[in-house]
Amino acid sequence: MRAPAPSTRGRAATPIGSGHGAAHRYPVAIMTEDRAEAPQVPDKPSLDGLEAKWDAAWAASGVYAFDRTAPREQVFSIDTPPPTVSGNLHMGSVFGYVQTDAVARYQRMAGRDVFYPMGWDDNGLPTERRAQNYFGVHCDPSLAYDPDFTPPAKEGLDAEGKKIKRTLACSRRNFVELCIELITADEVVFETTWRRIGLSVDWTLLYQTISDDSRAASQRGFLRNLARGEAYQAEAPTLWDVSFSTAVAQAELEDRERPGAYHRLAFHRTDDAGTPTGEDVFIETTRPELLAACVALVAHPDDGRYQPLFGETVATPVFGVRVPVVAHELAEPDKGSGIAMICTFGDTTDVTWWRELELPTRAIIARNGRIRTETPDWITAAGPDAVTAYEAIAGKTVFGAKEQMVELLTAGGELSGEPKPITHPVKFYEKGDKPLEIVTSRQWYFRNGGRDPGLREMFAKRGTELEWIPEHMRHRYQHWVDGLNGDWLVSRQRFFGVPIPVWYALDADGEPDHDRVLVPDESALPVDPSSDTPPGYEASQRGVPGGFVGEADVLDTWATSSLTPQIACGWGRDDDLFTRTFPMDLRPQGPEIIRTWLFDTVVRAHFEHGTLPWKRATINGWILDPDRKKMSKSMGNVVTPIALLERYGTDAVRYWSTSARPGTDTAFDEGQIKIGRRLAIKLLNASRFALNSGATEPDPALVSAPLDRALLTRLADVVAAATRAFDAFDYARALEVTEAFFWDFCNDYLELVKGRAYGNRDDTETGDATTAAATASARATLAIALDTVLRLFAPFVPFVTEEVWSWWRPGSVHAAAWPAGEPAAWPVDADDAVLAVAAEVLGAIRHAKSDAKVSMKSPVTTVTVTDAPERCAALERARADVTDAGVVTDLVIDAAAPRADTGSAIEVTLDHTG
RNA sequence: GGGCGUAUGGCUCAGAUGGUUAGAGCGCUGCCUUCACACGGCAGAGGUCCCAGGUUCGAGUCCUGGUACGCCCACCA
C-alpha cells in the first residue's frame with residue numbers, strides 16, 4: 001500500500017517558494033529511490049521574514065485565486081466586511097478577520113472553491129472628516145467647481161508646517177476629488193497593512209464602496225426599490241445632527257448619559273376670555289429653551305390631578321402663548337409633576353404625541369442647531385412682550401438659549417425653585433459629539449417593516465431562516481426587528497457618498513415638484529444628478545422653470561454597504577459570477593452591526609432577490625479593550641496590532657485570535673500571543689528534528705511498531721475532532737485539539753522514538769532483530785504525523801506551516817488537501833494504550849529523576865513497573881523505546897493487579913550509578 | 001424598565017447529552033547548561049467551580065431566585 005498523495009489542487013500546483021518543492025518531484029521520484037531527495041532544512045530555522053516571503057510567493061502563485069469555473073455547489077463564498085479605510089489597523093479587526101480566515105482556509109483545503117473578496121469601505125462620513133482635517137477644507141455645495149483649487153493644507157498642516165485652524169470652503173466636486181485623492185493613497189498603504197495579517201483573500205477581487213461599480217449597484221438597487229414602492233420620500237420630523245448638518249437613522253443612534261436639570265415652570269390657567277385666573281400648572285422640563293416651541297401640555301388620561309384641565313388652554317410662561325392640555329397614555333404620572341410640555345420637537349416622544357394628537361408644528365430650532373432668527377408668527381400673535389422675549393434667544397445655541405430662558409423665567413417669577421441637576425440619557429449620532437435635534441425635512445426612506453407589521457413579520461422570519469453562529473446572536477436581530485419604530489431613513493445631506501440618482505421636475509415658477517421624480521436609465525449608472533441630465537431634458541434646463549433640478553442628497557453609507565453581497569458577486573455586472581456565488585455562504589461580522597449592516601443586507605436581498613443574502617452569519621466577540629485596564633495610559637504602552645505583529649510575528653497574533661471561541665468576548669492577552677510565537681518556533685524545531693531524522697517518506701505501509709500505530713490512532717482521532725469542529729465553524733476547538741496533540745507528540749512520542757528513528761540502536765544489546773524495519777516505521781510515522789499536523793495547523797499559522805512545508809513537500813500547504821480522509825489508510829489499532837502507558841512510564845521516570853534532582857539524561861539501572869496485566873502487555877510492546885528514552889538499563893515489568901491505593905502502579909526504582 | 005451573554009486556581013481560558021481524586025497555558029517555585037528547540041525540558045505548589053435554595057443515588061454541569069460585570073434595546077418631561 002502506498003501513501004495517498006496529498007492531493008495538490010490543479011490550479012495551485014505551481015511550485016512556490018525559492019527553488020525547491022517542485023511539484024513534479026512527488027510522488028513519482030520518492031517511490032523510485034531509497035529515500036526522497038533530501039529535504040532542505042535550514043540549520044537555524046527562524047520566523048523572521050516569513051511574512052514578506054510568503055505573502056509575495058502567494059501573490060505570485062495565485063494560491064488563493066477564485067476559480068470562476070467552479071459550479072455553485074463547490075463554491076464557498078464569504079461576504080467579508082469591508083473595513084473603513086482609516087490608515088491604521090485595529091486590534092478588533094485583526095481578531096475578527098483572522099477567525100474568518102481560518103474558516104476560509106479550512107474550506108479551501110477541504111476542497112471548496114473559496115470566493116473570498118476584500119473590500120474597502122471608503123464612502124461616507126469618516127472619509128469626509130479625514131479629508132477635512134487632512135486638507136483643511138470643508139464642502140460648501142453652493143460653490144462652483146474650481147479646477148485650479150489648491151487645498152490649504154497637507155496632513156493637517158499649512159504651508160509653514162503649522163496646524164491649520166480654520167478650514168477653507170470648496171465646491172462639492174472639489175471636495176469629492178480631495179476625498180478620492182486621500183483614499184487612493186491610503187488604500188495602497190492599507191492593503192499592505194492588511195496583507196500583513198495573512199488573510200487568504202483573493203486580492204484581485206478587491207472592491208471599493210465608492211467605485212463606479214459600487215455606485216452603479218447602489219443606485220440600481222435604489223431605483224429598483226423606488227419602482228417597487230419600497231423607497232419613498234416624505235416630509236417628516238427627522239433626527240438631525242447639527243454639527244454634521246445631516247439627518248441620521250435610527251440605527252445610527254446611541255444614548256449617552258449627560259448632565260441636565262429639571263426646571264419647574266409655571267403655566268397659567270386662563271378663563272374663557274384668555275385672562276389669567278391666577279392658578280398655575282407646574283411642569284418639569286430639562287429643555288426650557290424649547291418653551292417657545294411648546295404646543296400643548298400632556299398628562300395621563302387617568303391622572304385625577306389633571307383631568308379637570310383636559311380641554312382647557314393654558315398660557316405658557318414668558319411668551320403667553322395659549323396651548324391646550326391634552327391626555328395621552330404615554331404620559332407618566334410619576335415622572336416629574338406628571339404633566340409634561342410637548343414641544344416640536346424636544347424628543348421622539350414629542351414626535352409621537354405630535355403625530356397622534358395632531359398638534360401643530362412650531363419648530364424653533366434651525367438645522368445649524370441654533371434658535372431660528374426670524375420671529376415665528378405664533379410668537380408675534382402673542383404680543384410684543386413675547387416678541388421681545390423671543391428676540392432674546394433668537395440665533396443663540398441651544399445652550400445659550402437655555403441660559404437666557406432661565407433668566408427670563410426667573411425675572412418673571414415663573415421658575416419655581418432651583419433647577420434640580422440630574423443625569424439622563426441623551427440621543428447622539430454615534431459619530432457625533434452634540435446631542436441630536438429633531439427637525440422637519442423632506443427625506444428618502446426605505447421600507448423596513450418599521451411601519452408595517454406584516455413586513456416586519458417577514459423580516460423576523462428571515463432572521464429565523466438564517467443560521468447564526470453562535471446561536472444566541474439571533475436574539476439581537478430579533479430584538480432589533482421587534483423594536484423598529486420607523487422606516488429606514490437613507491438620505492444624507494453629505495457630499496462624499498453615492499448620489500441619490502433622481503431629479504425633480506421644476507414647475508412654472510421654478511419650484512421643484514417632488515412628486516415628479518425623474519429617474520435615469522439603468523444603463524446610464526452611475527449618475528450624479530448634480531452634473532448629469534435626466535432623460536428627456538437638456539443640460540440647459542437645469543434650474544430653470546419647467547426644467548429640472550438634481551437631488552442634492554447622497555445615500556446613507558449603509559444603503560450601499562447593505563449590498564456588499566451583490567457588489568462582490570457581480571450583480572448586474574457579471575451574471576455568470578453572480579450565479580456561482582450568490583446567495584453567499586458566510587457573513588462574518590461584529591455583534592454591534594447586526595442592527596445595521598446585517599439587518600439592512602437582509603432587507604435589500606429580500607426585496608431584490610426574494611432570498612436571504614447568505615446561509616449563515618458568524619458573529620465574532622468583543623476584545624475587551626486594554627485601555628480599560630490600568631496599564632496602558634499611565635504606562636504609556638498602548639498596544640497596536642502592527643507593533644505586535646512586528647514583535648511576535650503574524651502567526652503568533654493569529655494564534656491568539658483563533659484561540660478565542662466564536663462569538664465569545666476575549667480579554668486582550670499578550671501572554672497568549674507569546675504562546676503563539678512559541679508554538680510557531682516549536683513547529684520549526686520539531687519539524688527540523690523529524691526531517692533530519694530521516695522522516696521524509698509518509699508511507700503508512702512502513703508503519704509497523706506498536707507505539708507508532710498507537711500514535712497514528714491518536715492522530716486519527718485528532719483529525720476527526722478538528723474536522724468536526726471546523727464543520728461547525730468552531731475553529732478554536734480545532735486549534736485546541738491539534739495543539740494538544742502536537743505538544744504531546746513533541747514531549748512524549750518524539751522522545752520515545754528519537755533513538756529508534758536515528759537508527760542508532762544497538763542490535764546486540766536490545767536483541768531486536770528487526771531494527772531496520774523499526775527505524776523505517778518510526779521515520780514513516782514521524783513523516784505522516786508532521787505532514788498531517790502541518791496541514792491541521794495551516795489555517796491558523798499559515799506562515800510557519802508554509803515555511804516548513806516548503807522544506808520537503810510540493811506546492812503550497814494551503815492548496816493541500818485537508819487530511820480528513822487519510823487516516824483511513826493508516827494502520828490504526830483499536831486503541832492507543834501502548835503510547836499512553838509508555839508515556840506514563842516515561843513520565844514516572846522523569847518524575848523520579850526530577851525528585852532526585854538529576855539530569856533527565858542520567859542513566860538508570862533498574863525501573864520496576866507493577867501494573868495490570870493488559871497495561872503491562874502494552875508496555876512490553878514499547879519496551880525498547882521506553883528504556884531508550886529513559887536511559888534505563890533494566891526495565892522490570894511486573895504484571896499484577898494494580899495496587900488498591902494508587903489504582904495503577906507504576907513504581908520506579910531509581911538505581912543510577914553516576 | 002426589557003433582552004442577551006459572562007461569572008471555574010494570581011492571570012487568560014477549556015469543561016457535548018449531570019457520574020471516578022475539576023483540566024490547560026501563562027505566572028510562581030524547584031530542578032535539568034539534554035546532541036530539534038534555553039524563544040528549551042522535567043516536576044511542584046495553587047481551586048468554597050459568584051451566592052442562596054431546589055431536583056437527583058450523585059451538579060461546575062439541570063431548575064428557581066439573587067449578586068456582579070459586559071453588550072443590545074427602550075418615549076431624553
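Chain identifiers are assigned alphabetically (A, B, ...) following the order of the sequence lines, protein sequences preceding nucleic acid strands; residue numbering begins at 1 within each chain. Here the structure is a predicted model, which is why all the values come from computation and not from measurement.
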From the list [options], which nucleotide is the closest neighbour of the side chain of [X]?
| X | options | answer |
| --- | --- | --- |
| A/Arg733 | B/C75, B/C13, B/A14 | B/A14 |
| A/Arg595 | B/U34, B/C13, B/C72 | B/C72 |
| A/Arg661 | B/C75, B/G15, B/C42 | B/G15 |
| A/Cys746 | B/A36, B/C75, B/C76 | B/A36 |
| A/Lys754 | B/A36, B/C32, B/C13 | B/A36 |
| A/Ser855 | B/U34, B/A36, B/C73 | B/U34 |
| A/His847 | B/G44, B/C32, B/G41 | B/G44 |

By side chain to side chain donor-acceptor pair (under 3.5 Å), which residues pair with A/Glu254, not counting sequence neighbours? A/Arg256
For residues 474-485 of chain A, which residue pairs qualify under salt bridge (Lys or Arg N to Asp or Glu O under 4.0 Å), counting only residues two or more places apart or in two chains?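 Qualifying pairs: A/Glu471-A/Arg474.
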Is there any salt bridge (Lys or Arg N to Asp or Glu O under 4.0 Å) pair reaching into residues 654-666 of chain A, and which pairs are they, with sequence neighbours excluded?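 Qualifying pairs: A/Asp101-A/Arg654, A/Arg661-A/Glu736.
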Nucleotide-resolved protein contact map, nucleotides 25-30 of chain B, B/S/- at heavy-atom distance under 4.0 Å: SS---B
side-chain hydrogen bond (donor to acceptor under 3.5 Å, both in side chains) pairs, two or more places apart, involving residues 674-689 of chain A: none
Residues which pass salt bridge (Lys or Arg N to Asp or Glu O under 4.0 Å) with [X], listed by chain and number, not counting sequence neighbours:
| X | result |
| --- | --- |
| A/Glu751 | A/Lys754 |
| A/Glu467 | A/Arg616 |
| A/Arg724 | none |

In dot-bracket form, 5' to 3', how is RNA chain B paired? Count Watson-Crick and G-U wobble pairs only if both distances fall under 3.5 Å, and write | where the partner sits on another strand. (((((((..((((.....[...)))).(((((.......))))).....(((((..]....))))))))))))....
Is the ring pair A/Trp656/A/Phe95 parallel, tilted or perpendicular, if the boundaries are 30 and 60 degrees?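 Tilted.
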Answer yes or no: does a side-chain N or O of A/Asn747 lie under 4.0 Å from OP1 or OP2 of B/C42?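 True: A/Asn747 side-chain N/O within range (under 4.0 Å) of B/C42 OP1/OP2.
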Distances under 3.5 Å only, N/O to N/O: pair up the protein atoms with those of nucleotides 2-9 of chain B.
from, atom 1, to, atom 2, distance (Å)
B/G3, O2', A/His479, ND1, 3.0
B/G3, O2', A/His479, NE2, 2.9

To the nearest Å, give me how far apart CD (A/Glu252) and P (B/C72) are.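 Rounding to the nearest Å, CD of A/Glu252 and P of B/C72 are 15 Å apart.
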Of all residues at least two apart in sequence or in a different chain, which pass the side-chain contact (heavy atoms from CB on, under 4.5 Å) check with A/Arg305?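 A/Arg305: side-chain contact (heavy atoms from CB on, under 4.5 Å) contacts with A/Asp303, A/Pro333.
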For RNA chain B, determine which residues of residues 735-744 of chain A have any heavy atom closer than 4.0 angstrom to one of its atoms, and list them numerically.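 Heavy-atom contacts with RNA chain B come from A/Glu736, A/Trp743.
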